[in-house]
Every structure is written in structure tokens, then in C-alpha cells.
A.B. asks: 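My questions will all concern the structure given below.
As the structure is a prediction and not an experimental result, all values here were calculated from the model. Throughout, protein chains are lettered first and strands after them, A, B, ... in sequence-line order, and every chain is numbered starting at 1.
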Amino acid sequence: MHLYNTLSGRVEELTPMDGKALRMYACGPTVYDYGHIGNFRTFLQVDVLRRAMRLLGTEVRHVMNVTDVDDKIIRNAAAAGVGIEEYTRKYQEAFFEDLKALEVEPPEVIARATEHIPTMVRLIEKLAAQDIAYRAEDGSWYFRIARFPEYGKLSKKDFSGITDGARIDLDEYEKDSARDFALWKAPKPGEHRWETELGPGRPGWHIECSAMSMEYLGDSFDLHAGGEDLMFPHHENEIAQSESATHRTFVRHWFHVRFLLVDGRKMAKSEGNFYTLRDLLLRGYKASAIRMLLIAVPYRQQLNFTFEGLAAETIAVERLRTFRERMEGTKWPARAAMDGGASEIQNVARETKAKYLAALADDLNTAEARAAIFEMVRFVNARADAGGFFESDKAEVLEALRMFDRVFAVLEDHDAEWTRFTLDWAEREGKLDQAAPEVLATRGVTDEKIQALVEERDGAKRRRDFKRADAIRNELAGMGILLEDSKEGTRWKRK
RNA sequence: GGCGCGGUACCCAAGUGGUAAGGGAGAGGUCUGCAAAACCUUUAUGCGUCGGUUCGAUUCCGACCCGCGCCUCCA
């Protein structure tokens with residue numbers, strides 16, 4: 001695997017330093033609200049990375065944090081009159097449900113900030129012992145940036161002008177330098193707090209990731225991932241804290257996913273231009289299409305989200321699913337016994353696999369990897385139409401599809417299930433009015449019900465009662481069901 | 001202002017110093033009771049603009065124009 005490293009600014013080979021498993025840490029969500037699909041782009045691209053690593057033969061030990069305490073959480077929980085645990089529980093659950101709907105593999109370790117306070121306190125104490133952390137008048141603790149000359153090496157910023165003890169201005173009187181960042185925040189009256197050796201308070205955001213990543217992955221590990229916005233200051237601060245404490249290289253390889261844009265602007269809560277996964281499912285878009293859209297454009301490219309793009313990916317996924325069904329569901333003729341060796345189709349499938357793997361290994365070029373698969377699909381379809389596809393070709397082609405799906409994970413159709421799940425959720429939350437009418441129409445439409453209608457229509461067709469057959473077809477269409485008539489019989493699928 | 005990224009067909013988008021992948025849409029066709037679906041074929045003498053290097057540049061260099069991100073909470 002060759003992957004761009006933000007720290008060096010180059011594409012570099014990525015191999016586990018212990019020769020066994022890639023140890024990676026990915027910054028997870030702050031659970032104060034539902035995630036939007038911009039957030040999920042990052043988690044999906046990290047998922048692509050871990051799936052690709054495994055496909056290429058490297059085991060992965062992946063740790064993700066959940067920030068379940070921060071200023072927003074404390075503020076929102078207080079406003080809602082509940083404790084922070086109760087407040088965040090709902091969003092945490094929703095986050096993991098969303099990941100599941102998007103086929104994101106769960107990390108090996110999920111680390112919650114509130115369950116690691118002692119680890120963070122110890123790390124701050126370690127910094128305090130070197131006078132790198134200092135206590136301000138209000139009881140907060142800060143990191144003395146002047147003591148870490150390499151500060152800025154990740155984000156390529158020049159902080160050489162920062163000198164210790166240079167008090168900046170009136171607003172920041174409690175810090176020694178304006179750039180110094182909080183490690184531990186003293187509580188305001190009535191705020192949620194932990195009583196610790198540092199005094200009462202709560203951890204800063206940055207120390208959380210340093211402490212938890214090193215607890216599970218060691219002082220020095222392979223890869224750290226996150227959205228591009230985290231590069232500065234979050235990841236820069238993590239490096240400063242960790243390397244000051246251990247005097248070792250914190251992380252070798254930094255992986256940053258670029259932003260999702262909408263209407264040419266970044267998708268963000270603060271901009272108010274965001275869509276949650278649930279918004280889109282209620283509008284009738286499929287989870288698989290959303291996954292496909294968010295991973296098909298390589299992670300180093302900004303991706304402009306549009307509904308047109310989403311609709312296009314829905315069809316693209318459908319094309320692949322239909323192809324797989326065709327491969328599996330058709331009785332293909334046997335090849336003449338005298339034809340020895342690999343067939344042209346088998347060779348194409350093998351070349352496709354090679355191209356696919358090479359594209360992924362080349363800085364996760366998902367666009368090229370995907371293109372290789374579509375090329376194979378078209379080639380095989382054309383041959384099959386011309387009667388040039390045989391039973392003995394099937395295994396190799398299906399193997400290429402399986403390989404594709406080990407990273408893309410869109411071929412298994414769980415879409416209706418997740419749409420149903422989201423409708424149930426919307427009902428509980430009183431948000432059913434946000435669902436599109438055609439989505440609401442699918443409620444209560446079970447496979448059994450559809451199957452019965454399809455069979456009834458087949459009977460009508462056999463009787464050449466086309467009026468009745470067409471009526472049933474219309475009825476099914478109203479429930480969002482498309483029919484596909486063929487010699488082998490009638491297949492149906494959800495729009 | 002500093003740092004970084006990008007401008008490729010109607011839309012999304014890959015890519016290479018030697019003549020433009022893939023997906024969607026459009027057009028044509030095969031199939032079909034009719035449809036739909038499915039499948040096939042087809043669609044950029046051109047890769048922001050202007051110079052330069054080169055036998056040859058979309059690909060390298062320079063300038064310029066435009067867009068986006070970070071520099072503050074943010075995936």
C-alpha cells in the first residue's frame with residue numbers, strides 16, 4: 001500500500017512497523033447531535049483504508065475515540081436538563097447505527113473520553129513534571145507551545161516567533177502565550193466535573209486523543225486518521241503533547257480526508273448546509289448509494305455532493321447487483337471439452353483483479369478500482385449476450401466481484417431494511433412528515449406481499465389477461481416496486 | 001496575508017511526456033403482449049488562459065484567471 005502522508009507531503013509505502021498489524025487511530029465523532037454525511041465521508045474513507053489493507057493482506061488494529069464530553073455537550077445537556085451521559089447516549093447509538101447502515105466495519109477498539117479520564121490526567125502530570133504543562137490562575141492547565149520547537153510540522157505552519165512567557169493581551173491573561181492550548185479545563189459553577197489530582201474539571205479535546213491512542217496502540221504507532229480540518233490544531237496538538245511526554249515519534253503516517261462540499265461550500269453544522277444520513281434515507285435515497293457516492297471519489301479530492309450524483313450512484317450500484325444476479329442466476333452452457341487452458345473471460349477477470357488491487361494500493365484510488373470492475377462487467381455482459389460465456393468462466397468473474405465488494409461493500413442489498421429502520425425512527429421522533437410520500441408508501445410492503453402480487457400477475461399473464469396484469473403492475477409501482485419480465489420469469493426490485 | 005488543494009465532455013470523475021478510464025444523462029439498437037427493466041453501441045482533435053521547454057504537453061516549467069479548504073469550534 002502506498003499512501004499519501006500529510007507529515008512528509010509525499011506518497012509513501014505503508015507497512016506495520018511491528019511487521020504484524022497496522023496500528024491506526026482515527027478521530028471519531030463528538031456525540032452532541034446526529035452526524036451529517038460530511039462527517040461520514042471521513043469514516044467511510046477510513047473504512048476503505050482498513051478494508052483495503054486487509055484485502056492486501058495486512059491485519060489492522062484500529063482504535064476510534066468517541067468524544068462524549070466537550071463544551072457543546074455540557075452546554076446542550078444543561079439546556080436539556082439532563083446529565084451528559086444521558087444526553088450523549090442517544091447520539092452515540094445513532095452514530096453506530098448510521099455506521100452500520102453505511103457498512104462501515106466497527107473498529108477493534110472504541111474508546112470513550114469519559115472512560116479514560118485517569119489516563120489523561122497521568123499524561124498531563126507527565127507534561128507538568130517537565131514544566132511543559134502549567135496551571136493557570138483559574139485552575140485550567142495549558143500546554144506551553146514554546147517548549148515544543150517542532151510545533152507546526154504537520155500543518156506546515158511557522159511558529160518560530162512564539163516565545164515562552166510572552167504575555168499577549170488582556171483577553172488571554174490566564175495563558176502564558178496566546179497559542180498555548182488547554183489540556184484541562186477548570187469547571188464553571190454548576191458544570192459537570194471530575195475531581196482529579198489536577199483539580200476539578202474536564203479534559204481538553206486534544207489530550208483525549210493523545211492519551212487514548214497511546215494507551216491502546218503504544219507510544220509510537222503507524223497511522224493516524226481524521227478529516228482535513230483536524231490537521232490544525234487538533235493533530236498538531238496531539239503531536240506536541242505526545243512527543244513531549246514520550247520523546248518518541250508519536251505517529252509515522254498521517255491520513256487526512258478532504259471535505260465534502262455542498263453547492264461548492266463545505267458541509268458543516270455551522271454553515272447549516274448539511275444532510276444527515278437519515279435525512280437522505282427519508283427522502284428515498286439508498287444507504288448503498290450514499291456509501292458508493294462518498295467512497296468513489298478518492299479521499300484526497302474534495303467531493304461536491306449533489307442529488308444528481310446520488311441518483312447516478314444508485315443506478316451504478318444497481319447495475320453491479322444486477323450483473324451479479326445474472327452471473328449467479330443463469331444456467332450457463334458448458335464449454336466444449338477440447339478447449340483447454342484459461343478462457344479469454346477468465347483472463348479478463350484475472351486482469352481485472354490485478355488492476356483493482358493495484359488501484360487500491362496506489363493511494364486508495366477508488367475511482368480507478370471501480371472503473372476496472374465496470375469494464376469487466378461490460379465485457380462479460382457483451383460476451384454473455386453473444387453466447388460466449390460458459391459455466392467455467394463464472395467462478396473467476398464472481399471472485400473479482402467478491403474482491404470488489406470486500407472494500408466497496410455495496411452488493412448485498414440491505415437498503416430496504418435501513419429505510420424501514422429510519423422510518424420507524426422518524427415515527428418515534430415525530431419526524432415522519434419529513435419522509436417523501438413514495439418512501440412512506442413503502443411502509444408495510446413486505447417481500448411476501450410483493451411475491452404474492454407478482455405471482456398473481458404471472459398467472460394473469462399466462463391467461464393473457466393483460467388488463468389485470470397491468471393493473472397489478474401499477475399497484476406494485478405505487479409501492480415502489482419495479483418488475484423485470486424475462487424468459488426465466490419475473491423478478492422484482494425496490495426502486 | 002500565510003499554507004495547501006483543484007480547474008478534464010451536459011453532470012460526476014480517473015489518468016498519462018506520445019495522442020483522453022469509468023459512472024450518470026442524451027442518442028441509436030436488441031429483447032418484449034405492451035411497457036418497464038436488463039443488455040449492447042455511441043458521445044471530448046479536447047483536458048482554465050497565455051507563454052516556455054520538447055520531435056511531441058492535457059501531462060513538465062513560468063505567469064495569470066477562477067474555485068475550494070486550513071490558519072477559530074468543525075470529519
A.B. asks: What about D470(A), does its side chain sit under 3.5 Å from the base of rA35(B) through a donor-acceptor pair?
C.D. replies: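 Between rA35(B) and D470(A), which were checked side chain against base, a qualifying N/O pair under 3.5 Å is absent.
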A.B. asks: To the nearest Å, give me how far apart CZ (R321(A)) and C1' (rG23(B)) are.
C.D. replies: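 Value for this atom pair: 16 Å.
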A.B. asks: Nearest to the side chain of D229(A), heavy atoms from C-beta on, is which of rC73(B), rA75(B), rG22(B)?
C.D. replies: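 The listed nucleotide nearest to D229(A)'s side chain is rA75(B).
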A.B. asks: Taking the same atom, P, in rA36(B) and in rA27(B), what whole-Å distance lies between them?
C.D. replies: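 Nearest-Å result for rA36(B) against rA27(B) at atom P: 12 Å.
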A.B. asks: Of the candidate nucleotides rC5(B), rA75(B), rC68(B), which contains the atom at the shortest distance from the side chain of H36(A)?
C.D. replies: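 Ranking rC5(B), rA75(B), rC68(B) by closest atom to the H36(A) side chain puts rA75(B) first.
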A.B. asks: So what does A312(A) touch, heavy atoms closer than 4.0 Å: a base, only the sugar-phosphate, or nothing?
C.D. replies: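 Sugar-phosphate, backbone atoms only, no base.
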A.B. asks: Under 4.0 Å between a side-chain N or O of N365(A) and OP1 or OP2 of rA14(B)?
C.D. replies: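 Answer no for this pair, as no side-chain N or O of N365(A) is under 4.0 Å from OP1 or OP2.
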A.B. asks: Rounded to whole Å, how long is the line connecting atom CG of L303(A) with atom P of rC12(B)?
C.D. replies: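 The answer, rounded to whole Å, is 11 Å.
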A.B. asks: May I ask you to say what I373(A) touches in the nucleic acid, namely base, sugar-phosphate or nothing, with a heavy-atom cut-off under 4.0 Å?
C.D. replies: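 Nothing, no heavy atom under 4.0 Å.
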A.B. asks: Of all the choices, rA13(B), rC68(B), rA75(B), which nucleotide is nearest to the side chain of R41(A) once you look at every atom?
C.D. replies: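 Of all the options, the side chain of R41(A) is nearest to rA75(B).
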A.B. asks: Closer to the 5' end of RNA chain B via nearest nucleotide, is it A311(A) or C27(A)?
C.D. replies: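 It is A311(A), whose closest nucleotide lies nearer the 5' terminus.
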A.B. asks: Looking at every strand, decide which applies to V257(A) at a 4.0 Å heavy-atom threshold: base, sugar-phosphate, or nothing.
C.D. replies: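 V257(A): no heavy atom of the nucleic acid under 4.0 Å.
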A.B. asks: Relative to the ring of H224(A), is the ring of W254(A) parallel (under 30°), tilted (30 to 60°) or perpendicular (over 60°)?
C.D. replies: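 The arrangement is parallel - the two ring planes meet at less than 30°.
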A.B. asks: Do the side chain of R473(A) and the base of rA36(B) come within less than 3.5 angstrom through a donor-acceptor pair of N or O atoms?
C.D. replies: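 When only heavy-atom distances are counted, R473(A) does not reach the base of rA36(B) through any donor-acceptor pair under 3.5 Å.
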A.B. asks: Heavy atoms only, 4.0 Å cut-off, all strands: where does P298(A) land among base, sugar-phosphate and nothing?
C.D. replies: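 It contacts sugar-phosphate atoms only.
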A.B. asks: When all nucleic acid strands are considered with a 4.0 Å heavy-atom cut-off, which category describes L483(A): base, sugar-phosphate, or nothing?
C.D. replies: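 Result for L483(A) = base.
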A.B. asks: Let's see if you can work this out: which of rC74(B), rA21(B), rG69(B) has an atom nearest to the side-chain heavy atoms of E375(A)?
C.D. replies: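 Nearest listed nucleotide: rA21(B).
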A.B. asks: Rounded to whole angstrom units, what separation is found between the CG atom of L154(A) and the C1' atom of rC71(B)?
C.D. replies: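 Whole-Å distance recorded here is 13 Å.
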A.B. asks: Go through the N and O atoms of the side chain of K266(A) and the base of rC68(B), and report whether any donor-acceptor pair is under 3.5 Å.
C.D. replies: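 In this structure, the two groups form no donor-acceptor pair.
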A.B. asks: For Q302(A), report the nucleic acid contact type (base, sugar-phosphate, nothing); a contact means any heavy atom under 4.0 Å.
C.D. replies: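 Base contact.
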A.B. asks: If the P atom of rG24(B) is compared with that of rA20(B), how far apart are they to the nearest Å?
C.D. replies: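 My reading of the P atoms in rG24(B) and rA20(B) gives 22 Å.
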A.B. asks: From the list rA36(B), rC73(B), rG22(B), which nucleotide is the closest neighbour of the side chain of L482(A)?
C.D. replies: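 Of all the options, the side chain of L482(A) is nearest to rA36(B).
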A.B. asks: Verify the contact: side-chain N or O of R319(A) to OP1 or OP2 of rC40(B), cut-off strictly under 4.0 Å; return yes or no.
C.D. replies: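 Answer is yes, contact under 4.0 Å.
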A.B. asks: Would you please name every residue forming a side chain to side chain contact (heavy atoms under 4.5 Å, CB included) with R462(A), sequence neighbours left out?
C.D. replies: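 Applying side chain to side chain contact (heavy atoms under 4.5 Å, CB included) to R462(A) gives D458(A).
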A.B. asks: I want to confirm an ordering. Mapping E484(A) and F466(A) to their closest nucleotides on RNA chain B, which one lands closer to the 5' end?
C.D. replies: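 Closest to the 5' end, via its nearest nucleotide, is F466(A).
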A.B. asks: Where does the angle between the aromatic ring planes of F159(A) and F232(A) fall among parallel (under 30°), tilted (30 to 60°) and perpendicular (over 60°)?
C.D. replies: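 Because their plane-to-plane angle is under 30°, the rings of F159(A) and F232(A) count as parallel.
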A.B. asks: Under 6.0 Å between ring centres, would you say that holds for H206(A) and H235(A)?
C.D. replies: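 Between H235(A) and H206(A), which both carry aromatic rings, the centre distance is not below 6.0 Å.
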A.B. asks: Can you check whether Q301(A) has a side-chain N or O nearer than 4.0 Å to OP1 or OP2 of rA14(B)?
C.D. replies: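 Answer is yes, contact under 4.0 Å.
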A.B. asks: When you get a sec, tell me which of rG6(B), rA37(B), rA75(B) is the closest nucleotide to the side chain of M267(A)?
C.D. replies: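 Of rG6(B), rA37(B), rA75(B), rA75(B) is nearest to the side chain of M267(A).
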A.B. asks: Is F43(A) stacked on the base of rA75(B), with ring centres under 5.5 Å apart and planes under 30° apart?
C.D. replies: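 Not stacked by the 5.5 Å and 30° rule.
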A.B. asks: Does NZ or CZ of K100(A) fall inside the cone over F95(A)'s six-membered ring, less than 6.0 Å from its centre and within 45° of the axis?
C.D. replies: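 That pair does not qualify as a cation-pi contact.
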A.B. asks: Taking atom types as they are modelled, is there a donor-acceptor pair under 3.5 Å from the base of rC40(B) to the side chain of R383(A)?
C.D. replies: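 Flag unset: no donor-acceptor pair detected.
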A.B. asks: When you check the phosphate oxygens OP1 and OP2 of rA38(B), does a side-chain N or O of K493(A) lie under 4.0 Å from one of them?
C.D. replies: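 So the side chain of K493(A) is within the cut-off, an N or O lying under 4.0 Å from OP1 or OP2 of rA38(B).
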A.B. asks: Roughly how far apart, to the nearest Å, are rC65(B) and rU49(B) at atom P?
C.D. replies: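 Going atom to atom, P in each nucleotide, I get 15 Å.
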A.B. asks: Nearest of rC74(B), rG33(B), rG23(B) to any side-chain atom of W205(A)?
C.D. replies: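 Taking heavy atoms from C-beta onward, the closest nucleotide is rC74(B).
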A.B. asks: Just N and O in the side chain of R378(A): are any of them under 4.0 Å from OP1 or OP2 of rC40(B)?
C.D. replies: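 Result: no.
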A.B. asks: With sequence neighbours excluded, what pairs up with R265(A) under the side chain to side chain contact (heavy atoms under 4.5 Å, CB included) test?
C.D. replies: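 For R265(A) the side chain to side chain contact (heavy atoms under 4.5 Å, CB included) partners, ignoring immediate neighbours, are N273(A).
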A.B. asks: Between rC73(B) and rU58(B), how far apart are the two P atoms, rounded to whole Å?
C.D. replies: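 Pairwise P distance, rC73(B) against rU58(B), rounds to 45 Å.
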A.B. asks: Measure CD1/I295(A) against P/rC12(B) and give the value in whole Å, please.
C.D. replies: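 It is 20 Å, rounded to the nearest whole Å.
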A.B. asks: Do R457(A) and D485(A) meet the salt-bridge criterion of a basic N to acidic O distance under 4.0 Å?
C.D. replies: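 Yes, charged N to carboxylate O under 4.0 Å.
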A.B. asks: Identify whether any heavy atom of K157(A) sits under 4.0 Å from a base atom; if not, whether one sits that close to sugar-phosphate; answer base, sugar-phosphate or nothing.
C.D. replies: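 The answer is base, as K157(A) lies within the cut-off (heavy atoms under 4.0 Å) of a base atom.
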A.B. asks: Give me the distance, rounded to whole Å, that separates rA9(B) from rC68(B) when you measure between the C1' atoms they each carry.
C.D. replies: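 Pairwise C1' distance, rA9(B) against rC68(B), rounds to 22 Å.
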A.B. asks: Provide, to the nearest angstrom, the distance between the CG atom belonging to D33(A) and the P atom belonging to rA75(B).
C.D. replies: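 Computing the D33(A):CG to rA75(B):P distance gives 11 Å.
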A.B. asks: Among rG22(B), rA38(B), rU72(B), which is the nearest nucleotide to the side chain of T322(A)?
C.D. replies: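 The closest nucleotide is rA38(B).
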A.B. asks: If you measure from the C1' atom in rC47(B) to the same atom in rC34(B), how many Å do you get, rounded?
C.D. replies: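 Pairwise C1' distance, rC47(B) against rC34(B), rounds to 45 Å.
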A.B. asks: Between R300(A) and rG6(B), is there a side-chain N or O to OP1/OP2 distance below 4.0 Å?
C.D. replies: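 Looking at the OP1 and OP2 atoms of rG6(B), neither is under 4.0 Å from any side-chain N or O of R300(A).
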A.B. asks: Examine R61(A) relative to Y216(A) and say whether NZ or CZ is less than 6.0 Å from the centre of the six-membered ring and inside a 45° cone about the ring axis.
C.D. replies: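 Output no; distance or angle outside limits.
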A.B. asks: Closest approach to the side chain of N39(A), judged atom by atom: which nucleotide of rA75(B), rG15(B), rU72(B) is it?
C.D. replies: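 It is rA75(B).
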A.B. asks: Can you tell me how far P of rC68(B) sits from CG of N304(A), to the nearest Å?
C.D. replies: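 In whole Å, rC68(B) P and N304(A) CG are 11 Å from each other.
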A.B. asks: With a 4.0 Å cut-off on heavy atoms, is F374(A) in touch with a base, just the backbone sugar-phosphate, or nothing at all?
C.D. replies: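 Sugar-phosphate, backbone atoms only, no base.
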A.B. asks: Using whole Å, what does the distance between atom P of nucleotide rG4(B) and atom NZ of K153(A) come to?
C.D. replies: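 These atoms are roughly 18 Å apart.
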A.B. asks: For G264(A), report the nucleic acid contact type (base, sugar-phosphate, nothing); a contact means any heavy atom under 4.0 Å.
C.D. replies: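 Touches sugar-phosphate only.
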A.B. asks: Taking the six-membered ring of F466(A) (Phe, Tyr or Trp), confirm whether the NZ or CZ of K461(A) is under 6.0 Å from its centre and within 45° of its axis.
C.D. replies: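 No, K461(A) does not lie over the aromatic ring of F466(A).
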A.B. asks: Side chain of D485(A), heavy atoms from C-beta onward: which of rA35(B), rG69(B), rG24(B) has the nearest atom to it?
C.D. replies: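 The listed nucleotide nearest to D485(A)'s side chain is rA35(B).
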A.B. asks: When both hydrogen-bonding distances must be under 3.5 Å and the geometry is Watson-Crick or G-U wobble, what is rG28(B) paired with, if anything?
C.D. replies: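 rC40(B) is the nucleotide pairing with rG28(B).
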